[in-house]
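The block underneath contains the structure these notes are about, expressed in structure tokens.
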Amino acid sequence: MSRDHVQSVERTGTGSAAAPAAVAPAPSEPAPDGPVAPGSAAHASADGGPGESGRGDSGPGGSAPSAGPGAPGLDGVDAAAPVTSGGELPVSDSGASPVSDSGDACAPGSAEAPFLELLARGASADAYEQPVLIARAEGRPAPEIAALEAVKPLALRVRSELEGRRRREAELSALFETAHDLAGLRDLDAVLRAIVQRARSLLGTDVAYLSLNDPARGDTYMRVTEGSVAARFQQLRLGMGEGLGGLVAQTARPYVTDDYFKDERFQHTLVIDAGVRDEGLVAILGVPLTLGPHVIGVLFAADRRARVFEREQIALLGSFAALAAAAIDTANLLTETRSALGDLERANEIIRDRSGVIERASDVHDRLAELVLRGGGVHDVAAAVSEILDGTVEFTEPVAAPARAVEVSRAEGHAVRHADDWIAAVSAGGELLGALVLRGHPGLDPVDQRTLERAAMVTSLLLLARRSAAEAEQRVRGELLDDLLDARDRDPRLLRERASRLSADLDATHVVLAARLDGSAADADQEAAARRRLWSAASHLAATRHGLAAARDGGTVLLLPLEPGDTAAEVARHTARHLGAAVHESVTVGASAPVEELATHPDAVAAAYEEGRRCLDALRLLGRSGDGAAAEDFGFLGLLLAGDRDIAGFVDRTIGRVVGYDERRGTDLVRTLDAYFACGMSPARTKDDLHVHVNTVAQRLERVARLLGDDWQSPARALEIQLALRLHRLSGAARR
């Protein structure tokens with residue numbers, strides 16, 4: 001009821017006889033059709049804020065308490081017409097006291113008595129016309145009728161105040177119950193249903209419902225309905241700005257319409273209008289659900305007939321909306337809390353699991369570290385991991401492991417499954433060094449998989465460390481051999497000490513070998529890489545044979561001890577095969593004659609190396625690439641290749657057995673051979689030259705064949721034998 005209406009009632013109470021019908025209590029003024037702005041007379045704030053409805057009226061015995069959050073104040077009661085503390089009815093503006101002539105305020109037969117009786121039994125507003133009508137019908141005096149007419153508006157005002165108090169009491173009770181439900185929130189849907197039910201009951205509407213915004217889809221949807229009978233309406237989704245609810249959600253302001261389909265203030269859509277039409281709604285009130293500055297939904301009250309919602313009803317629905325928003329916020333907080341607790345529990349479980357994993361990993365790390373510090377090797381690592389994983393772990397060379405699985409493991413940096421095995425590549429700097437293979441263990445948890453991967457890493461470090469040590473040793477071996485080749489350090493004691501640290505013995509008989517690759521590389525980088533591989537393979541061979549190796553002149557030089565029963569040629573051939581297999585290319589090796597006393601005659605190594613190089617060049621010129629040979633393998637050419645021109649050795653290798661036979665038996669086979677070649681290899685002419693029978697010549701030549709071999713008369717052998725016979729004759733003459 002507006003202030004103008006209040007003033008109108010007060011003016012009527014001055015005694016105007018023409019106003020009884022005009023001052024009958026009217027319902028509170030309807031809410032405006034447009035939005036109700038906060039702070040206006042039509043908006044009731046949660047704390048009794050600005051606006052006509054927020055004013056408190058004084059009641060009996062003191063100030064009336066505030067109607068509570070969102071409850072409107074008393075309409076029609078102005079400060080100019082207070083109720084006295086003694087309980088008397090307020091006087092009119094004219095100053096006339098509504099009492100009887102006797103002065104008793106409530107004496108029987110007074111003007112107030114019938115209206116008090118009506119107030120006592122809660123009669124309807126229409127019943128307050130009866131005392132005046134009865135007085136007129138009974139023909140009572142005009143002053144008495146005037147007194148009744150003067151008291152009637154005051155009684156109606158009191159009745160309106162009592163009705164408002166009862167209504168606010170019911171509203172406060174409902175709000176209190178809702179707040180109580182919210183305080184003991186267990187089920188958000190149950191609390192929201194209770195809010196919607198109470199809003200519908202107190203506002204006396206056909207339907208009440210609540211919608212929530214969906215940030216992900218950018219619209220709002222029905223969450224709770226009460227009194228709804230249409231399925232399509234209950235499943236409506238409203239875009240922001242669509243329909244009355246969409247407008248409320250978009251603007252965060254309450255909206256009311258007394259006839260939805262005739263209202264053009266908001267956007268009508270076919271889907272929304274169809275849902276509203278199915279439900280049969282006409283008058284709709286919507287208030288926003290807000291959390292801080294954000295709108296999270298809308299609370300509605302609606303009737304299936306035209307209706308004007310009062311400001312008090314708008315304020316009441318706003319109070320319920322505030323409680324609904326609080327319930328949603330509380331539920332969200334509880335959900336977040338429960339989710340956080342769940343996350344904490346899961347995190348705690350993960351921490352416990354990870355703690356166990358860390359402890360196990362630490363144990364694995366300690367065992368592997370201890371193994372490495374003890375100087376363990378690759379196979380020791382495999383044995384330790386086999387024990388940890390309760391399986392069989394083996395280290396394999398790259399060529400022995402499954403190529404595809406090893407390549408995938410090296411690319412991904414993880415162990416991969418291959419059939420019932422697990423493969424972990426052992427690599428360093430892009431180079432594949434081998435693989436660790438866990439046999440017959442298809443089910444492997446992540447911790448054990450990580451253990452296998454860590455073992456592969458440790459294995460690669462061990463191999464790199466071993467390689468680094470080997471390379472360092474190779475450099476030292478190469479430096480010693482370089483010194484021997486260059487004859488820079490002639491102190492025998494120092495040479496022997498340096499060789500002893502490398503497990504080499506310079507006092508033993510050695511062979512110097514010159515090795516070189518036969519293939520031609522496509523470019524300089526490939527050629528350099530091939531030479532490095534050759535040097536590495538030669539260094540490894542030298543280390544295993546207690547010898548020395550160094551890179552020189554585009555190839556490799558080796559100093560290897562000569563084992564008993566071996567010859568330089570055999571060592572050369574074996575070295576050529578070994579190095580060729582190691583580098584997967586053809587390698588040609590030339591060997592020197594055996595050399596001795598290297599510590600006291602270091603210059604002999606340089607001379608032997610030159611001899612080995614000449615043999616190497618001879619092999620390549622003769623088309624024997626990929627082979628190995630010494631000077632002794634080249635017959636009389638060996639005299640040219642050998643560094644010391646070993647004539648006696650050549651003679652001994654060629655006809656030594658024949659010479660020895662003559663010396664032991666006193667025969668004349670050497671002279672017979674010399675005559676045989678001098679006579680053009682003719683037995684008949686030989687017998688004449690020797691003055692013996694032809695059978696004697698045949699017998700002697702048969703003996704030579706048994707001593708020199710059946711091929712002794714082949715052109716190559718015959719040439720070498722003739723050269724040996726001449727050198728033997730010349731050396732004998734020199735001795736004489």
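Because only heavy atoms are used, hydrogens play no part in the values below, and waters and symmetry mates are left out as well, while side chains stay in.
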Problem - Any side-chain heavy-atom pair of Val571 and Leu562 under 4.5 Å - result: yes
Exercise for the section: List the atom of Phe677, the atom of Ala718, and the distance in Å for their closest heavy-atom pair. Expected result: CE2-CB, 3.9 Å
Exercise for the section: Taking the side chain as every heavy atom from C-beta outward, state whether Leu598 and His510 have any pair of such atoms under 4.5 Å apart. Expected result: yes
Completion exercise
Minimal heavy-atom distance between Thr509 and Pro594, with the atoms involved, is CG2-CB, 3.7 Å
Problem - pair Asp627-Arg573: side-chain heavy atoms closer than 4.5 Å - result: yes
Exercise for the section: Using modelled atom types only, decide if a donor and an acceptor are shared between the side chain of Ser409 and the backbone of Ala425 within a distance under 3.5 Å. Expected result: yes
Problem - Contact check, side chains of Val426 and Leu436, non-hydrogen atoms, under 4.5 Å - result: yes
Handout entry: Any Arg404 side-chain heavy atom under 4.5 Å of Val408 side chain
Key = yes
Practice task
Report yes if some heavy atom in the side chain of Ser592 is under 4.5 Å from a heavy atom in the side chain of Val511; otherwise report no.
Solution key: yes
Practice task
Please tell me if the side chains of Leu690 and Arg700 come closer than 4.5 Å, counting only heavy atoms from C-beta onward.
Solution key: yes
Problem - Close side-chain approach of Val416 to Trp422, heavy-atom, < 4.5 Å - result: no
Practice task
Would you check if there is a donor-acceptor pair between the side chains of Thr392 and Arg439 at a distance under 3.5 Å?
Solution key: no
